[in-house]
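Down below is the structure, laid out as structure tokens.
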Amino acid sequence: MWIVLPVTAWILLFLLFNKNNCWRSSILLGALVWGVILTAITEFLNLFQSINFWSLLVDWGLINIILVVFYIKVNGKRWERFQFNHQIPLNLMVLLVGVAFIAATTGLIALGRAIHHSSQLRCLCQRQSISKLRLQDKGSLFDAITS
């Protein structure tokens, strides 16, 4: 549920850059700045070894508040409805749907493997040894760790 905060920050960056650029440039600029912010937050929190839920929640919450205030200042307190500058061609739409399908399928396969191997990994973590695992499971455990 808290993944909404970084995604909201990326959407706000996209809206800020969408003022004069085409939507493709806005997506790329928003993703670039979002990546820099993500790296800066991670490195700063890592200096103090305080990467935890609450520090990330506070940081992304503050970034979202700052971006909303900046967006309102830039747009003169008027909320305009977002519109694409150009229509997305059909072949690009088919390509995007295909990539989304492949990503969703890969994610579901990875989730299935993670669920399958979670009991073996839990056993490994609890006993700190693979000696108690069944022999036929040791190969799949190795595959789960190295993949």
Anything under 3.5 Å between a donor and an acceptor, one on a side chain of residues 92-107, the other on a protein residue two or more places apart or in another chain? List them.
unit_1: T105; atom_1: OG1; unit_2: F101; atom_2: O; d: 2.8
unit_1: T106; atom_1: OG1; unit_2: I102; atom_2: O; d: 2.8

What is the distance from atom [atom1] of [X] to atom [atom2] of [Y], rounded to the nearest 0.5 Å?
X   : Y   : atom1 : atom2 : value
F14 : L28 : CZ    : CG    : 10.5 Å
L67 : I72 : CG    : CD1   : 11.5 Å
L12 : I66 : CG    : CD1   : 11.5 Å
D59 : W54 : CG    : CH2   : 13.5 Å
L16 : F70 : CG    : CZ    : 6.0 Å

Cluster link [X] to [Y], ILVMFWY, side chain under 4.5 Å:
X   : Y   : result
W10 : V36 : no
I37 : L32 : no
I3  : W60 : yes
V58 : V69 : no
V7  : L38 : yes

Quiz item: Looking at residues at least two apart in the chain, or sitting in another chain, which of them share a side-chain hydrogen bond (donor to acceptor under 3.5 Å, both in side chains) with T8?
Solution: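 If we apply the side-chain hydrogen bond (donor to acceptor under 3.5 Å, both in side chains) test to T8, skipping adjacent residues, there are no hits.
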
Self-check item: For the student: nearest non-hydrogen atoms of S55 and S50, plus distance
Solution: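 In terms of heavy atoms, the two residues are closest at OG-O, 2.6 Å.
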
Quiz item: If every non-hydrogen atom of N64 is compared with every non-hydrogen atom of L5, which pair is closest and at what distance?
Solution: ND2-O, 3.0 Å

Quiz item: Is the F48 ring parallel, tilted or perpendicular to the F44 ring (thresholds 30°, 60°)?
Solution: perpendicular

Quiz item: Within the side chain of N18, is there an N or O that forms a donor-acceptor pair under 3.5 Å with the backbone of S26?
Solution: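 Here the side-chain-to-backbone pair does not exist.
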
Exercise. Give me the one residue out of V33, I27, L29 that meets side-chain contact (heavy atoms from CB on, under 4.5 Å) with L13.
Key: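 Result: among V33, I27, L29, V33 is the only option passing the side-chain contact (heavy atoms from CB on, under 4.5 Å) with L13.
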
Practice problem: Write out all pairs satisfying side chain to side chain donor-acceptor pair (under 3.5 Å) with one or both partners inside residues 34-46, taking only residues at least two apart or from two chains. | Solution: none

